[in-house]
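Report on the structure given below.
Quick caveat, the model's predicted, so the values are computed rather than measured.
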Amino acid sequence: VGLRERFSYYMSTACYLHILVINMIYFTATSITIARFYCLKFSHSEDKIMQYSKKLEALASVDALTGLFNRRHMNKHLEELERDYFNASQPFSIVIGDIDFFKKINDTYGHDAGDYVLTEISKLFLRFMKGKGEVARWGGEEFLFSFEGDNADFVFVELHNLRTLIKSHEFKYKDTLIQVTVTFGLEEYDSGIGLENTITRADAKLYTGKVEGR
């Protein structure tokens with residue numbers, strides 16, 4: 001084979017290898033770009049799913065009318081408080097409150113007025129409970145409070161302050177003032193009877209308060 005033919009052969013081989021390397025680099029770069037694109041897209045989708053799940057969880061924990069936590073959330077929270085009690089002897093008290101003569105409010109002023117009272121008093125409860133614990137709509141016109149880190153003697157004074165606050169608050173619906181009072185039942189958590197019975201006792205004291213004149 002002549003020198004010219006050899007040179008031509010080597011040049012063809014070199015060009016082929018050069019093109020092959022370029023193609024490999026291009027293919028690798030393209031593959032990395034595509035993989036990165038789908039990875040980012042998947043990561044973005046995953047973040048969206050997590051955010052959506054958190055929103056759904058939050059919605060499932062909140063009462064739609066009042067914006068307070070609902071019974072489902074409060075039950076979970078009370079279970080956590082019970083665990084803290086056993087692990088760190090952290091006391092807490094449970095209070096159940098019920099709006100007095102709520103049916104009469106609905107019958108006299110209409111259900112929209114009743115909803116107004118529920119939402120307005122819920123705002124008051126939230127402000128009052130800041131730094132003290134949590135409050136939830138337990139059902140209907142009934143609310144459950146968890147006073148955390150405090151015994152029943154201290155919470156009794158707090159409830160007196162709350163009743164005074166409610167009494168002095170102006171509940172005004174369509175230029176009509178509505179008189180609102182609340183009866184409370186208080187029970188300090190006792191590990192000897194458990195969480196369910198502590199709630200039952202608070203509820204029984206609420207009933208006694210209603211019978212004895214609210």
Tyr116 side chain to Lys172 backbone, donor-acceptor under 3.5 Å:
yes
Hey, do the aromatic rings of Tyr109 and Tyr173 have their centres closer than 6.0 Å?
no
Euclidean distance, Leu144 CG relative to Ile94 CD1, rounded to 0.5 Å:
6.0 Å
dist Thr198:OG1 -> Asp203:CG (nearest 0.5 Å) comes out at 12.5 Å
Without placing hydrogens or testing angles, list every side-chain donor-acceptor pair under 3.5 Å for residues 174-186, not counting sequence neighbours.
residue : atom : partner : partner atom : Å
Thr181  : OG1  : Asp100  : OD2          : 2.7
Thr183  : OG1  : Asp100  : OD1          : 2.7
Thr183  : OG1  : Asp100  : OD2          : 3.3

With salt bridge (Lys or Arg N to Asp or Glu O under 4.0 Å) as the rule and sequence neighbours excluded, what pairs involving residues 183-194 come up?
Glu187-Arg201, Glu187-Lys205
Six-ring centre of Phe128, Lys132 cation under 6.0 angstrom, axis tolerance 45°
yes
Distance, nearest 0.5 Å, that separates CG of Leu165 from CD of Glu158
11.0 Å
When you measure from the side chain of Arg137 to the backbone N and O of Gly140, does any donor-acceptor pair fall under 3.5 Å?
yes
Parallel under 30°, tilted from 30 to 60°, perpendicular over 60°: which one fits the rings of His77 and His73?
parallel
Donor-acceptor contact present, side-chain Ser146 to main-chain Glu134, <3.5 Å:
yes
With a 4.5 Å cut-off on side-chain heavy-atom distances among I, L, V, M, F, W and Y, is there a chain of contacts connecting Val135 to Leu195?
no
Test your reading of the model: is there a side-chain donor-acceptor pair from Asn75 to the backbone of Leu78, 3.5 Å cut-off?
no
Measure the shortest side-chain to side-chain distance between Ile96 and Glu142 over non-hydrogen atoms and say whether it is less than 4.5 angstrom.
yes
Check: Ser89 main-chain N/O paired with Asp84 side-chain donor or acceptor under 3.5 Å:
no
With a 4.5 Å cut-off on side-chain heavy-atom distances among I, L, V, M, F, W and Y, is there a chain of contacts connecting Ile121 to Val62?
no
Using only atom types and a distance under 3.5 Å, with no angle test, would you say the side chain of Thr108 pairs donor to acceptor with the backbone of Ile105?
no
Report yes if the distance between the aromatic ring centroids of Phe92 and Phe147 is under 6.0 Å, otherwise no.
no
Nearest 0.5 Å please: distance from the OG atom of Ser122 over to the CZ atom of Phe143.
4.0 Å
Check whether the side chains of Asn197 and Thr200 place a donor and an acceptor atom closer than 3.5 Å, and report yes or no.
no
